[in-house]
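Working notes for the structure below.
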Amino acid sequence: MDVSHIIDPLNDAQRQAVTASSDHMLILAGAGSGKTRVLVHRIAWLLAVDNVSPHNIVAVTFTNKAAAEMRGRIEGMINGSLSGMWVGTFHGLAHRLLRSHWADADLPQGFQILDSDDQFRLVKRIVRGMELDEALWSPRKVQWYINDQKDEGYRASHLDSGGDPYQKQLIQVYLAYEQACQRAGLVDFAELLLRSFELFRDKPEILQHYQQRFAHVLVDEFQDTNTLQYSWIKLLAGAGKVFVVGDDDQSIYGWRGAKVENLQHFQKEFCGENLVRLEQNYRSTGNILGAANALISGNTGRMGKELWSAGDKGELIDIYAAFNELDEAHFVKERIKQWVTDGNSHKECAILYRSNAQSRVFEEVLISSGIAYRVYGGLRFFDRAEIKDALAYLRMMENRSDDSAFERVINTPTRGIGDRSVAMIRDIARGNSITMWEATLSLLSSGQLAARAQNAISGFVNLIDQLQAFAGNFVLAEQVDYVVETSRLIEHYSKDKSEKGQSRKENLEELTNAAKIFQKPQDDGDMTELASFLSHAALEAGESQATDTDDFVQLMTLHSAKGLEFPLVFITGLEEGLFPHGRSLDDNVQLEEERRLCYVGMTRAERKLIMSYAETRRIHGSENYQKASRFIREVPDDFMNEIRPRAQVSRPAMQRPQARKPVRSTILMQDDFEFSLGQRVQHKKFGEGVVLNFEGEGTSARVQVNFEREGSKWLVLAYANLQGA
DNA sequence: AGAGCCATTGTTTTT
DNA sequence: CAATGGCTCT
């Protein structure tokens, strides 16, 4: 058989991985070393050489994007459809299992998926329902707690407070949340995994079926698996063969339960010596790799791996110390302009930052320069309030028990059902352990209500019944359209003439389009089209991808850049407290994760990497004096080219000329030395620094200087004896 | 029901 | 500096 197309494009290490004959394999794949290629070729190899049926293969990824890419590349490689192969995300596959075995998993057939926003609201209602102090039991914290427990595989009933009253209360909230979800037929993201894990664990005949079927289990980004996912894989694989790809140096999700140690566990438990390292990098220049290697070598307990490249050393990494964040943005913009002038395109540039809020300054500067850009992450289509309203109506049609949807639309748009009525319904539901829908029906028939409330509430009940009765006859897009109209949601948002209101109206119209182009996946079996659409909306938040013809600069967090690559990469805001993030500074484990995050960012760059930080930055409205990130110091000088700051940028002049007191941009000193904001100066004792601010005149004039070594200080000019640097 | 005001609170993110 | 939430007042 001719397998040359499978193995010829591979280097030795890749080939060793793809053609391995051992039962289990661990592939430590460095950044840019061809990890997806190895997975795809491995599958092609199994099919072609080992004669494995596609039916016997399951491949698991973390993101929909990665799953889609893998599917596409497999189909390209084998020149046909996946025919029975399971390729999907952990959550997607778990969902599929639960849909097939809903009864065995103790779920109603029409169970719905809660996204994190839904989950947050539900937790909040439960905390309130239990009359707990929200300052102490902040819904956000409780939500974290619940998800953490589920990620570790714990039910409320497994947990022991150890006598701690706070802990005890948390467990009780968790329990109440579990019960509320169970009653309403709701499943959050972590629950998808936990339920399907328990399904395997408790129903041997089902487990056996899948174990027999999936003789080959492949997992991508294994360093991102949490405890529950590890157990899930282990259970599913049974005696089958497990092929795992990961990179301990790119583990950046520890804060949400991912366990890098799972790589070592896997090695110990499954594959022993059957380990291949992919260390040849095909992406970045020698200097970029050298710098990244040097940085990551500061971490302890690594599994060991050094990337190398056969290519050129390329250019040095530029480091720019900006005066403030606006200056930083202008610098980035200028370099992008230059890049494009040199004959390259905008879409080759990526601006990376630690947290989403940092995108704003870049956006403003890019807009005013007329440069097209796109921000990834942020609010997604299916997360928008108006879209969730519409989806909630659709969910009510599928499942009357869905309390989460019920709460959302009972009075949206307003129909005269006030807080008092809703509170009454909630109380009845809680008191009798029934759903809010049932509580509503019983309240209506009790005859306790005033005529006005009775009317309003029965209006709602009739509306939902009517939606279902009529919409049921339509195809999906018509159903959506009908619901948006009949619920008067569209009318409600149309009335709002502000820009926001209009865009909401348009989004609702767009939802109909989304329904039109939606195609029910074959995997979804006998689910209704609507049920399938709702799951899709929850599981795949619908980030549209850039097309080849779009040409815009890409802005995103370092986290969402993982897995991507760009010819020109900016890593911005490299400041202590920002990156590494302030909450990681006093904990070495977290600090190492920040360092890996920086490593991930650096290794995104193909040809040119530019790093920057600001000496002053406005955070939460107030000025802060920033110290350069330790990560800059950790990169050896021979890889770097430090760019001197330009010494005249001042925020007051550029941002809000009228709102500030008039600012002199220069200070005249007695020796006729002229200093300006942002200017570098030299002090005998404190060394070099940058002028940040000044006040007073003549002999009492004082300047604030941010010294590289000593931090920021106020000095009386007459005594300071500063020299220009 | 909706506008307007004050206090609070701010990672990272996918599913 | 925001966005958000709770509150009061109309």
Side-chain angles (χ1 to χ4, degrees), chain A residues 60-67 88-95 113-121 124 128 134-135 138-141 144 147 150-151 187-194 196 221 224-226 228-229 251-258 325 352-361 376-380 382-383 385 411-419 456 492 495-496 498 535-543 556-563 573 577-585 590 593-594 596-598 600-601 617-624 651 655-656 659:
Chain A
V60 193
T61 65
F62 274 83
T63 66
N64 290 306
K65 199 168 147 202
T89 62
F90 275 100
H91 294 87
L93 299 177
H95 173 245
I113 300 169
L114 286 184
D115 67 21
S116 21
D117 180 60
D118 297 331
Q119 184 187 35
F120 176 74
R121 287 155 173 267
K124 192 154 142 187
R128 281 184 192 173
E134 278 176 61
S138 96
R140 190 65 64 194
K141 285 226 178 72
W144 270 104
N147 288 335
K150 288 192 180 184
D151 286 346
V187 174
D188 61 46
F189 289 132
E191 182 75 21
L192 285 168
L193 284 163
L194 184 50
S196 58
E221 305 272 20
D224 289 337
T225 50
N226 61 34
L228 179 57
Q229 285 159 337
S251 158
I252 54 175
Y253 286 111
W255 52 272
R256 66 175 204 218
E325 76 275 11
L352 309 183
Y353 35 79
R354 179 63 175 80
S355 61
N356 280 311
Q358 288 168 254
S359 75
R360 242 190 64 185
V361 191
Y376 287 84
L379 196 58
R380 279 171 291 253
F382 287 113
D383 291 340
N411 201 32
T412 307
T414 50
R415 51 173 69 81
I417 302 175
D419 290 344
H492 173 71
K495 270 192 288 197
D496 182 349
S498 70
S535 302
H536 167 84
L539 284 173
E540 307 183 29
E543 183 109 331
M556 66 190 81
T557 61
L558 287 142
H559 281 92
S560 42
K562 191 163 88 159
L578 190 62
F579 187 28
H581 194 274
R583 297 203 184 177
S584 307
L585 291 178
Q590 291 182 59
E593 182 155 310
E594 296 281 314
R596 291 193 291 270
L597 187 57
C598 189
V600 166
R617 181 178 295 272
R618 191 170 270 272
I619 297 172
H620 298 333
S622 49
E623 293 289 336
N624 290 71
R651 178 211 318 287
Q655 229 178 22
R656 284 201 188 161

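Order of the sequence lines fixes the chain letters, A, B, ..., with proteins taken first and strands second; residue numbering starts at 1 for each chain.
- Partners of A:D118 by salt bridge (charged side-chain N to carboxylate O under 4.0 Å, His left out), not counting sequence neighbours, listed by chain and number: A:K388, A:R395.
- Across the protein-nucleic acid pair, A:L228 atom CG and B:dT15 atom C1' stand 13 Å apart, rounded to whole Å.
- For the pair A:D151 CG and B:dT15 P, the interatomic distance rounds to 15 Å; values are reported in whole Å.
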Protein and nucleotides 4-10 of chain C: nitrogen or oxygen contacts under 3.5 angstrom:
| from | atom 1 | to | atom 2 | distance (Å) |
| --- | --- | --- | --- | --- |
| C:dG6 | OP1 | A:R128 | NH2 | 2.0 |

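- A:A190 approaches A:N147 most closely through the heavy-atom pair CB-OD1, 4.2 Å.
- When every heavy atom of A:H581 is checked against every heavy atom of A:E594, the shortest pair comes out as N-OE1, 2.9 Å.
- Distances shorter than 4.0 Å separate none of the side-chain N or O atoms of A:N147 from OP1 or OP2 on B:dT15.
- Between the CG atom of A:D419 and the C1' atom of B:dG2 there is a distance of 13 Å, rounded to whole Å.
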- Query: How does protein reach along nucleotides 7-14 of chain B, written 5' to 3' as B (base within reach of a heavy atom under 4.0 Å), S (only sugar-phosphate), or - (no contact)?
  - Reply: ---BBBBB
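- Checked by atom type and distance alone, the side chain of A:N411 pairs as donor or acceptor with a backbone atom of A:I417 at under 3.5 Å.
- Residues forming a salt bridge (charged side-chain N to carboxylate O under 4.0 Å, His left out) with A:K124 (at least two apart in sequence, or on another chain): none.
- Counting any heavy atom pair closer than 4.0 Å across all strands shown, A:G416 reaches sugar-phosphate atoms only and no base atom.
- At a threshold of 4.5 Å between non-hydrogen side-chain atoms, the residues A:F382 and A:D115 do not count as touching.
- A:R583 is linked by a salt bridge (charged side-chain N to carboxylate O under 4.0 Å, His left out) to nothing, counting only residues two or more places apart in sequence or in another chain.
- Partners of A:V187 according to the side chain to side chain contact (heavy atoms under 4.5 Å, CB included) rule, which considers only residues two or more places apart in sequence or in another chain, are A:L107, A:F111, A:E191, A:L192.
- A syn orientation is assigned to B:dT11, its glycosidic angle lying within 90° of 0.
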